[in-house]
Amino acid sequence: MLRWFGVGKGDEVIIPAYTYSATANVVVHCGAKPVMVDIGEDFNIDAQKIKAAVTSKTKVIIPVDLAGYPCDYEAINSLVVEPGIKSLFKASSDNQRKLGRILVLADAAHSIGARYHGKMSGNLTDITVFSFHAVKNLTTAEGGAVCLNLSDPFDNEEEYKCLCIKSLHGQTKDALAKTQIGNWKYDIIEPGYKYNMTDIQASMGLVELERYNADMLIRRKEIFDAYSDRLSEFAWAQIPEYENDYKTSSYHVFLLRIKNIGEDLRDKIIQSIFSKGVSVNVHFIPLPMLSYYKNSGYNIDHYPVSQNAFSREISLPVYYDLTNEQVKLVLDAVIDSVEENLQL
Ligand SMILES: *Cc1c(COP(=O)(O)O)cnc(C)c1O
C-alpha cells in the first residue's frame with residue numbers, strides 16, 4: 001500500500017517504536033525512512049506525540065492496534081486534516097495529489113474484530129491492513145487483507161481492481177477469466193507483483209470468518225477476563241486495558257506488566273514460568289533495540305515508555321483451544337513465579 005501511494009526515497013513514514021518489525025521493514029523496502037514515535041500506557045502510538053514528528057517529508061502514518069486494542073483514531077484522523085499539517089504535505093504521486101494529505105494506513109495485524117466508537121477495525125482509517133499469519137486471531141496460514149475506506153475523489157472499487165492487477169503480475173485478467181471462450185487475450189500494464197491470496201487459503205479464511213465473531217472472539221474474551229479477574233488480586237500486576245466505553249479489543253495477546261521490575265528480573269520470572277511447563281512470550285522487543293534499527297541510528301533512550309513497557313512485559317498465551325484448566329495452569333505458574341522472584 002506504501003507503493004500504491006508512491007512512497008519512496010526521501011519520504012518519511014511515522015510508526016510506533018513498539019511494534020513488530022514488519023511495520024518498519026515495509027517502509028525500508030520502499031526506500032523511505034521510518035520515523036518512530038513513543039507509545040502510551042496502552043502500548044499504542046502516543047497520538048499526542050505524532051504532531052512533533054510530522055515534517056514536510058511525512059507521507060504516511062502507520063498506527064498499530066497493539067494486542068488488538070484500537071489506537072486513538074479520533075486524534076490521528078483529525079491531525080492529518082489540520083490546516084497546518086495539510087499545508088506541510090508535498091504530494092509527489094497521483095494518489096498523493098488526489099488525497100492531498102498524509103495517509104493513515106492502519107496496521108491491524110492484531111485487531112480484526114476490534115471495535116472503536118461502534119465501528120469495526122478495517123473501517124477506522126483511510127486504509128487498513130490485516131494479517132492472516134498463523135499466529136494471528138484469524139488465519140489462512142499466511143496471507144492478509146487490505147481494506148479500502150478512501151474518501152472522495154477515490155473510487156474504492158476502482159482502486160480494488162488496480163490492486164488485483166498489481167498483485168498478479170500486472171496482468172489484466174486472471175487465469176480463470178482467460179480460459180473463458182474467446183477471452184484469451186490479456187495485457188500487462190505494469191511490472192506487477194505476485195502476492196495474490198490462493199483459493200485454498202481463501203477457503204480456510206471463509207470458514208474462520210464465519211465462526212470468528214460468535215465463537216472465536218468470545219472464547220478469547222473469556223480467557224482475557226479470566227486472566228484479568230485473577231491477576232487483579234495482586235498488587236504487582238498491571239493489567240492491560242482491553243475495553244472502555246468506546247473501544248473493545250480483539251483480545252489478541254494479553255500483555256501483562258509486572259510493576260516496579262527491570263528487564264533482568266522479568267527475564268528470570270519468564271524462566272521460572274517456563275520451568276513450570278508454561279510457555280509465555282514478550283510482544284515485542286522495541287524496534288530501536290533490534291540490531292538493524294539500532295545500527296541505523298535509532299536509540300531506545302528516546303522512547304522511554306516503550307523501553308519501560310518492554311522491560312516489565314510478559315505476554316500470556318491466548319488461543320481458541322486453550323482450556324479453562326490450562327488457563328488456571330498458566331495463572332498458577334505466573335503467580336508462583338512472580339512471587340518467588342519478588343521475594344529474592
Ligand atoms: C504479524 C504482524 C505483521 C505482519 O504480518 P505478516 O502477515 O507476517 O506480513 C505486521 N504488523 C504486526 C504488528 C504484526 O504483529
Side-chain angles (χ1 to χ4, degrees), residues 18-20 39-44 63-73 106-122 124 130-139 208-209 211-259 266 269-270 273 276 278-284 309-310 312-338:
Y18 201 105
T19 178
Y20 182 61
I39 56 165
E41 280 304 310
D42 62 355
F43 288 94
N44 284 335
V64 181
D65 299 330
L66 212 96
Y69 201 50
C71 294
D72 187 356
Y73 286 114
D107 177 342
H110 301 176
S111 68
I112 188 163
R115 286 170 188 275
Y116 179 91
H117 282 300
K119 286 193 198 168
M120 306 276 291
S121 176
L124 303 174
F130 292 124
S131 168
F132 301 152
H133 175 259
V135 303
K136 312 298 185 192
N137 281 20
L138 190 153
T139 184
E208 293 273 287
L209 202 54
R211 59 194 277 259
Y212 188 69
N213 279 331
D215 184 7
M216 285 158 59
L217 216 46
I218 286 175
R219 179 61 190 150
R220 299 187 85 97
K221 177 175 160 50
E222 282 171 4
I223 297 167
F224 261 62
D225 287 342
Y227 285 154
S228 173
D229 285 352
R230 175 98 180 273
L231 291 166
S232 306
E233 295 166 19
F234 299 89
W236 46 257
Q238 184 177 350
I239 310 296
E241 183 177 311
Y242 57 92
E243 49 202 3
N244 69 15
D245 349 328
Y246 62 94
K247 285 199 246 186
T248 45
S249 179
S250 64
Y251 319 101
H252 179 52
V253 279
F254 192 91
L255 305 177
L256 175 66
R257 275 167 289 184
I258 313 298
K259 290 178 190 161
R266 188 275 313 274
I269 294 169
I270 288 183
I273 299 171
K276 294 173 178 37
V278 169
S279 183
V280 289
N281 212 325
V282 176
H283 294 90
F284 293 96
F310 161 73
R312 302 188 293 111
E313 199 271 319
I314 301 174
S315 315
L316 309 189
V318 180
Y319 53 90
Y320 182 79
D321 288 328
L322 201 67
T323 64
N324 290 342
E325 294 70 45
Q326 287 171 316
V327 167
K328 187 173 177 306
L329 195 80
V330 170
L331 281 164
D332 289 343
V334 170
I335 292 163
D336 291 348
S337 301
V338 172

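Computed from a predicted model, the values in this text were never measured in an experiment. Hydrogens, waters and symmetry mates play no part in the numbers below; they use all other heavy atoms, side chains included.
- The salt bridge (Lys or Arg N to Asp or Glu O under 4.0 Å) check on K221 picks up D225, E243, with sequence neighbours excluded.
- Taking the six-membered ring wherever Trp is involved, the centroid distance between the rings of Y18 and F43 falls below 6.0 Å.
- Separation of atoms CE (M216) and CG (D321) is listed at 9.5 Å; rounding is to 0.5 Å.
- You'll find the side chain of K247 reaches within 4.5 Å of the side chain of D42, heavy atoms only.
- For S111, the side-chain contact (heavy atoms from CB on, under 4.5 Å) partners two or more places apart in sequence, or in a different chain, are D65, A108, A114, S121, S250.
- A pairwise comparison of heavy atoms in I39 and A309 identifies CD1-CB, 4.1 Å as the closest pair.
- Put simply, the side chain of R266 gets close to the backbone of F310: a donor and an acceptor are under 3.5 Å apart.
- Between the CZ atom in F130 and the CG atom in D107 there is a gap of 10.5 Å [rounded to 0.5 Å].
- Contacts of K328 classified as salt bridge (Lys or Arg N to Asp or Glu O under 4.0 Å), with partners at least two apart in sequence or in another chain: D332.
- Under the 3.5 Å distance criterion, the side-chain polar atoms of H252 are left unmatched by any main-chain donor or acceptor of A67.
- No side-chain heavy atom of I269 sits under 4.5 Å from any side-chain heavy atom of V280.
- In plain terms, the two heavy atoms of A134 and T139 that are nearest each other are CA-OG1, 3.2 Å.
- In this structure, the side chain of N44 does not engage the main chain of D72 through any donor-acceptor pair within 3.5 Å.
- If you take CZ on F132 and CG on L209, they are separated by 7.5 Å, rounding to the nearest 0.5 Å.
- Checked against ring-ring contact (aromatic ring centres under 6.0 Å, His included), Y246 has the following partners two or more places apart in sequence or in another chain: Y116, H117.
- Considering only residues two or more places apart in sequence or on other chains, I239 meets the side-chain contact (heavy atoms from CB on, under 4.5 Å) condition with S228, L231, S232, A237, F254.
- The NZ atom of K259 lies 10.5 Å from the CZ atom of R257; values are rounded to the nearest 0.5 Å.
- Pairing each heavy atom of P317 with each of Y227, the nearest pair is O-OH, 2.7 Å.
- Scanning for side-chain contact (heavy atoms from CB on, under 4.5 Å) contacts around A226 gives V327, with sequence neighbours left out.
- Inter-residue side-chain proximity for N281 and V253 is flagged as unmet; no heavy-atom pair is nearer than 4.5 Å.
- Partners of K119 by salt bridge (Lys or Arg N to Asp or Glu O under 4.0 Å), not counting sequence neighbours: none found.
- Between atom CG of residue L66 and atom CZ of residue F284 there is a gap of 5.5 Å, rounded to the nearest 0.5 Å.
- Under the side-chain hydrogen bond (donor to acceptor under 3.5 Å, both in side chains) criterion, Q238 pairs with E41, R312, sequence neighbours left out.
- The salt bridge (Lys or Arg N to Asp or Glu O under 4.0 Å) test applied to R115 returns no partner, not counting sequence neighbours.
- With sequence neighbours excluded, the residues satisfying side-chain hydrogen bond (donor to acceptor under 3.5 Å, both in side chains) with N324 are R219.
- Shown here are the side-chain hydrogen bond (donor to acceptor under 3.5 Å, both in side chains) partners of S315, two or more places apart in sequence or in another chain: H283, E313.
- Across all non-hydrogen atoms, the minimal contact from V278 to L329 is CG2-O, 4.0 Å.
- Closest approach of P70 to G68, counting heavy atoms only: CD-O, 3.5 Å.
- From L217, atom CG reaches atom OG1 of T248 across 8.0 Å, with rounding to the nearest 0.5 Å.
- With sequence neighbours left out, the side-chain hydrogen bond (donor to acceptor under 3.5 Å, both in side chains) criterion links Y20 to no other residue.
- Across all their heavy atoms, K136 and A109 have their closest contact at CD-O, 3.5 Å.
- Side-chain contact between I335 and W236 is present, with at least one heavy-atom pair separated by less than 4.5 Å.
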